[in-house]
Amino acid sequence: MSIVSWCHWLQSTPWATSIRQSDFMFPVIEGSHILALSLSVGLIVLLDLRLLRLVLPSERVSKIMNQVMPWALPGFGIMFVTGLLLFFAQAEKVYTNGYFRVKMLVLILVGINALIYQLKFYPAMAEWDLSESVPRGAQAIAIVSLAFWMIVIACGRLMAYEL
Amino acid sequence: MKFKHLAIGLLAVAPLALAHHSFAMFELTKDVAYEGTVMEYRWENPHTHIIVKVDPGAADPATVGTWDIEGGSTNIMGRQGWTRATFKVGDHVKLIAHPMKDGTKGASLFYAQLPDGKRLYHDIARPKTEGATASAKY
């Protein structure tokens with residue numbers, strides 16, 4: 001079975017069809033998907049800007065990170081679940097959408113970027129937590145994160161124009 | 001290099017995005033009557049679609065062919081009285097819609113002219129009243 005025909009099967013399932021044809025479920029899922037951006041990406045932007053010393057420069061990076069992540073991660077969880085449901089409801093059109101593919105690719109890159117931070121810079125954060133200079137590498141990760149999230153959001157909005 | 005292309009691509013589509021959804025594609029001041037047979041009635045989000053086949057010999061020869069008439073979400077149309085059972089395949093319908101600017105066989109639904117003479121509007125938009133047109137002249 002090709003992926004396209006699998007997508008067709010997926011969106012033809014009774015529950016995917018009921019989301020697609022619903023009066024309230026669809027706008028609620030769609031609205032939650034967008035509002036959860038403020039929790040997930042909104043707070044990640046705050047952390048990125050701190051790494052670039054543009055906001056809250058006198059606050060410890062670790063302190064901001066510890067307070068932001070308990071909100072950002074559930075926010076991402078909401079985006080992920082609602083995103084999956086939106087995909088199920090319109091799988092065929094979404095799968096063949098160019099912006100969707102760019103969005104998924106860049107999301108994977110965003111994940112790798114965050115993983116590099118966790119492995120390379122997170123363990124030694126205490127050393128530069130409050131210092132004037134954040135390691136160049138960590139700053140580069142912050143810039144990549146900001147740029148890639150903007151691409152993800154732009155692609156998410158642009159793909160909807162074609163659905 | 002690929003990202004450069006992507007960035008250019010994003011910029012190129014931006015004006016369309018600013019017009020909010022694809023209404024910029026439609027000639028919104030033009031009302032065209034598409035009278036024909038329902039081939040498909042897709043009651044779904046984010047947009048309802050009515051595929052209408054207009055046979056040769058139609059009152060407006062320019063409308064002959066198969067058209068994708070796009071409506072709003074089920075919620076928006078439901079509040080005007082539309083349901084999933086409003087039309088079915090094979091029904092004869094008369095739809096007033098705003099055609100695509102580029103000539104593709106698609107249009108943005110304005111209202112359905114029902115057999116009893118009533119109009120089933122797509123959303124809250126209504127035709128400009130005579131009074132409004134007259135005052136607009138001054």
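Each chain gets a letter, A, B and so on, in the order the sequences are listed, and its residues count up from 1.
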| field | Part of A:Thr17 lying under 4.5 Å from any heavy atom of chain B | value | neither

| query | Can you find a heavy atom in the side chain of A:Ser22 that is under 4.5 Å from one in the side chain of B:Asn45? | reply | yes

| query | Should we say atom NZ of B:Lys118 is surrounded by more than 12 heavy atoms from elsewhere, each under 6.0 Å from it? | reply | no

| field | From CD (A:Glu30) to OG (B:Ser73), nearest 0.5 Å | value | 8.5 Å

| field | Per-residue contact mode, A:Leu86 against chain B (heavy atom under 4.5 angstrom) | value | neither

| request: Determine whether more than 12 heavy atoms belonging to other residues, nucleotides or ligands lie under 6.0 Å from atom CD of A:Glu127. | output: no

| query | Taking everything shown except A:Lys93 itself, do over 12 heavy atoms lie less than 6.0 Å from its NZ? | reply | yes

| query | Below 4.5 Å, heavy atoms only, C-beta onward: do A:Phe26 and B:Pro46 meet side chain to side chain? | reply | yes

| field | Pairwise distance CD(A:Gln90) to NE2(B:His47) - rounded to 0.5 angstrom | value | 9.5 Å

| Does A:Met25 CE have over 12 foreign heavy atoms under 6.0 Å away? | no

| query | Does CH2 in A:Trp71 sit with more than 12 non-hydrogen atoms of other residues, nucleotides or ligands closer than 6.0 Å? | reply | no

| query | Is the number of heavy atoms from other residues, nucleotides or ligands within 6.0 Å of NE2 (B:His92) greater than 12? | reply | yes

| field | Rounded distance (nearest 0.5 Å) linking atom CG of A:Asp23 with atom CZ of B:Arg84 | value | 8.0 Å

